[in-house]
Amino acid sequence: MSLPWRSSSLARPRTLSVLEGGIPFMRLAGFNLTPAKILRVQYKPTSVRMHWIDRAAKALLKRGKKHVIASGISVSGHIHIGHCNDVFIADGVRRALKELGGEGQAFWYADDFDPMRRIPWPLNEGELAERYKRYLGMPYINIPSPDSKYENFVDYFARPFIESLDDFGIEVKIYSGAKIYQSGKMAELTKTALKHANKIRAILNRYRSKPLPEGWLPYDALCERCGRLATTRSLSWHDNYVSYRCEGSDYVAGCGHEGEADFTKGQGKLTWRVEWPARWKLLGVTCEPFGKDHAVVGGSYDTGKLIAKQVFKCNAPYPVPYEWVSLKGRRMSSSEGVVFTLPQWLETAEPELLRYFIFRSKPMKAKEFDPGLALLDLYDEYDLVEQVHFGMVEASARRKKQFKRIYQLSQLRETPRRPVQRVPFRFATVLTQVMRDEKHAISVLISRGMLTDPSESDIKLAFRRLSCARNWVSKHAPERLRFKVAETLLTEAVQRLTKKQKQGLTQLAADLSSRDFTPIELHNHIYELAQRVGLKAPELFKAIYLALLGRESGPRAGNFISVLDKGFVISRFKEVAP
RNA sequence: GGGCCCGUAGCGCAGUCUGGCUAGCGCACCGGCCUUUUAAGCCGGGUGUCGAGGGUUCGAAUCCCUCCGGGCCCGCCA
């Protein structure tokens, strides 16, 4: 059927049924619609449901072609997957910009010159806590590492994160706040801020219940005597110097020292609310994701926007606020040790899954992560999205479009062209506990139809998943999903078997040696056998598990036995009733 | 005091920006199947006042207003 208004590819009617069924219905219902009105309904284009990453990229392109996307975190402890929103989103926008014909560069900025307000986990436990107390109020970069393998506190917490970024397909330039201050690059902007201290104070006071005092300066000097940053109050400034007194703060005492800090040499820093817009100016930031704490009215983004405009004469970046991630229902917190880090993620889940986790829902939607059983669902969901992407699973056009984009954003780099062969993670958790070696695992996977004529990369993916499954079983799985084939027959297990159960096992051993079974055949055979020897099926199952595992339940039996070495199973069953 | 998010099936959620096809997905559940299923079974089934009320509209889960419930953030400091 050809419809005249379909000439424009965009102006497709939403659906035909609306047109065909809708109008008569409306007439029947007594509505007197003018043709124009009907046409407007008909011409309604298919709604273009864009992923929020693309929406951000599109908005940026309206402003210009080249963009700098910022992300950054205060290195106040372990950097966890909640923090990843920042850098993952920044990188996602960069990628989307590129796809839309723009240019983007993303960076990650370590706020490593901020003072330590609280001793983070795990340094807040035992004797370490005592040792680290003295560093309260000092910049992170000047605090030693608890582990000699790392240069300092910042290296200790940030390096595992930074080094993992590549594994997640993140391409960002790394900056260090401390280094930037020490290099003198912030000197000019610091001077500008000091010159406009009154203006800045007025901006900040708009949102403060307790106004900043007269003579307040937006600068935190580093005390040359005690090395603290949080304790000083800036009194005045001249040339390149800010004079200060080390008075103390609410969480740590000052040393009383009075001195001068050279702001061209990194002897102090701008206070956060001013530092942020100064950084936008310095690095030409045009887009930045940030946590909802900054996004609140009167928060640092609001004041930063005004300071940027009025003091630094630049525009605030396009904001992408995001919600936080909780871990098993608790708010992730590096200081309290409620963390799940990137290296931890890689142990138990594929990197694509974390990207998927972040990009699947809107940024301001709170996310909940649970590495336990819920991770299985995440795997299944990811696999499903992948299958929809490759057209192996049917989905509505709208859903398909949405899934495809999320799938693309979840890829580390290029989106695979051909369908990927996946081992279902749930099966991987069983296989990894019984497989003898890689060759064996492959043959099992092939015999199950989970791998068909696998390529090298299919095999690689399968082993990556098996390795994740192994780690997951040992670290996050509930006890009932863990099992270990008993090295020798446990006498305790034998004692728990009835005479009939023993007979059943002996017979099963005989049957196994007389012919081959597929897993399903074997499973069915167990039922038949139970009946033959006068047992209820569950009793025979229990016997099998007791003999093999030393406990009463285990993975699906036919499956399980056929993965084990046949000779071993036969002799184990025979052993039960010598 | 201000702001944000959430409220849709038993549970977890998508859909809301940009109103429109029969409100969808996963898990759970229910029924059936191979005489029999413990952990890759297979097939079938939606079990729903879209938090409440009002408004706009030919049409509202979707837009507007009010309210209720839950969570979080800011108002010190990132």
Side-chain angles (χ1 to χ4, degrees), chain A residues 13-23 25-27 29-33 37-38 41 44-50 52 55 72-74 76 111 114-115 117-118 207-210 220 230 249-251 271-273 275-276 290-302 304 321 323-324 326 331 360-362 364-366 368 370 373-374 376-378 380-381 384-385 388 395-399 402-403 423-431 448-450 480-481 483 519-520 523-524 526-531 536-538 540-542 544-545 552-560:
Chain A
R14 185 173 275 275
T15 67
L16 271 177
S17 57
V18 165
L19 297 176
E20 292 165 350
I23 295 164
F25 166 76
M26 287 189 280
R27 291 215 176 115
F31 298 116
N32 187 16
L33 295 175
K37 179 110 195 181
I38 295 171
V41 175
K44 188 131 213 169
T46 306
S47 75
V48 183
R49 189 160 277 98
M50 233 190 284
W52 49 274
R55 222 174 286 158
I73 299 156
S74 185
S76 58
D111 279 310
D114 292 357
R117 307 200 142 71
R118 266 191 296 183
Y207 299 100
R208 291 177 66 98
S209 47
K210 202 171 77 190
D220 298 327
S249 72
D250 53 349
Y251 60 89
T271 189
W272 162 249
R273 282 191 182 235
E275 176 180 81
W276 201 20
F290 46 84
K292 62 169 174 180
D293 47 339
H294 300 311
V296 168
V297 169
S300 47
Y301 181 73
D302 263 11
E323 250 284 0
W324 291 340
S326 56
R331 210 198 89 181
R360 71 172 169 174
S361 59
K362 283 176 283 196
M364 277 303 281
K365 179 119 182 164
E368 157 73 19
D370 179 350
L373 282 174
L376 301 178
D377 291 338
L378 189 68
D380 286 351
E381 211 182 298
L384 176 70
V385 167
V388 169
S396 68
R398 177 189 269 200
R399 195 171 151 82
Q402 189 188 7
F403 276 18
V423 179
F425 192 74
R426 284 167 211 271
F427 180 73
T429 63
V430 175
L431 179 56
R448 292 294 186 291
M450 287 169 183
R480 72 187 168 88
L481 294 187
F483 61 87
I520 293 166
H523 200 92
N524 291 336
I526 293 166
Y527 282 93
E528 284 164 24
L529 178 60
Q531 217 169 23
K536 288 209 168 106
L540 185 52
F541 277 109
K542 266 186 202 171
I544 291 167
Y545 294 125
E552 293 188 351
S553 63
R556 206 164 270 266
N559 222 355
F560 177 45

Next item on the list: Working to the nearest 0.5 Å, report the span between CG of A/D111 and CH2 of A/W272.
Entry: 5.5 Å
Note to self: Using whole Å, what does the distance between atom P of nucleotide B/C72 and atom CZ of A/F290 come to?
What the structure shows: 22 Å
Margin query: Taking B/C50 as the reference, what is the distance to B/A60 when you measure between their P atoms (whole Å, please)?
Written below: 12 Å
Next item on the list: Could you work out the separation of B/G46 and B/C72 based on their C1' atoms and round it to a whole Å?
Entry: 33 Å
Notebook entry, point to check: In whole Å, what is the span from the NE2 atom of A/H523 to the C1' atom of B/G41?
Noted result: 8 Å
Next item on the list: With P as the reference atom in both, quote the distance from B/A23 to B/A28 in angstrom, rounded to an integer.
Entry: 25 Å
Next item on the list: Round to a whole Å and report the spacing from CG of A/D302 to C1' of B/C4.
Entry: 13 Å
Checklist line | Reading 5' to 3' through nucleotides 73-78 of chain B, protein heavy-atom contacts under 4.0 Å coded B for base, S for sugar-phosphate only, - for none | finding: BSSBSB
Next item on the list: State the OG1-CG distance between A/T429 and A/L481, to the nearest 0.5 angstrom.
Entry: 6.5 Å
Notebook entry, point to check: Hey, does A/G554 reach any base, or is it just sugar-phosphate, or nothing, if we go heavy atoms under 4.0 Å?
Noted result: base
Notebook entry, point to check: In terms of the nearest nucleotide of RNA chain B, which residue is placed more toward the 5' end: A/L384 or A/N524?
Noted result: A/L384
Checklist line | Base-paired stems that RNA chain B participates in, counting runs of 3 or more Watson-Crick or G-U pairs under 3.5 Å | finding: B:1-7 with B:68-74, B:10-13 with B:24-27, B:29-33 with B:41-45, B:51-55 with B:63-67
Margin query: Roughly how many Å apart are B/C21 and B/C13, using the P atom of each and rounding to a whole number?
Written below: 25 Å
Margin query: Please compare A/A295 and A/E323 by the position of their nearest nucleotide in RNA chain B and report the one closer to 5'.
Written below: A/A295
Notebook entry, point to check: Between A/I526 (CD1) and B/A39 (P), how many Å, whole number?
Noted result: 14 Å
Next item on the list: Give me the ring orientation class for A/F541 and A/H523: parallel if the planes are under 30° apart, tilted from 30 to 60°, perpendicular past 60°.
Entry: tilted
Next item on the list: Using modelled atom types only, decide if a donor and an acceptor are shared between the side chain of A/Y301 and the backbone of A/D293 within a distance under 3.5 Å.
Entry: no
Next item on the list: For nucleotides B/C5 and B/U66, find the distance between their P atoms and express it as a whole number of Å.
Entry: 15 Å
Next item on the list: Answer yes or no: is there a donor N or O on one side and an acceptor on the other, between the side chain of A/Y207 and the main chain of A/V297, under 3.5 Å?
Entry: no
Next item on the list: Measure from CG on A/L529 to C1' on B/U37 and round the result to the nearest Å.
Entry: 15 Å
Margin query: With a 4.0 Å limit, can you tell me whether A/Y527 has a side-chain N or O closer than that to the phosphate oxygens OP1/OP2 of B/U38?
Written below: yes
Notebook entry, point to check: Which whole-number value in Å describes the distance from A/R360 CZ to B/C25 C1'?
Noted result: 12 Å
Margin query: What's the gap between B/C63 and B/G2 when it is taken at their P atoms, as a whole Å value?
Written below: 23 Å
Note to self: Rounded to whole Å, please give me the gap between CD in A/Q402 and C1' in B/C17.
What the structure shows: 13 Å
Next item on the list: May I ask you to test the A/M450-A/P424 pair for a side-chain heavy-atom distance under 4.5 Å?
Entry: yes
Item checked: Distance, C1' atom - from B/G24 to B/A9, rounded to whole angstrom -> 11 Å
Note to self: Base, sugar-phosphate or nothing for A/E552? Non-hydrogen atoms, less than 4.0 Å.
What the structure shows: base
Next item on the list: Enter the distance from A/E368:CD to A/E323:CD here, rounded to the nearest 0.5 Å.
Entry: 12.0 Å
Check: Mind checking the C1' distance from B/C74 to B/C30? Whole angstroms is fine.
Finding: 49 Å
Check: Got A/P321 and A/M364 here, is their nearest side-chain heavy-atom distance under 4.5 Å?
Finding: yes
Notebook entry, point to check: After noting the C-alpha distance and the side-chain angles of A/Y545 and A/F483, does the key distance pass the ring pair (Phe, Tyr, Trp, His ring centres under 6.0 Å) rule?
Noted result: CA-CA 10 Å; A/Y545 294 125; A/F483 61 87; 9.0 Å; no
Check: When rounded to the nearest 0.5 angstrom, what is the spacing between OG1 in A/T271 and CG in A/D114?
Finding: 9.5 Å
Check: To the nearest Å, how far apart are A/L373 CG and B/C27 P?
Finding: 14 Å
Check: Hey, is CZ on A/R118 packed in by over 12 heavy atoms from elsewhere, all under 6.0 Å?
Finding: no
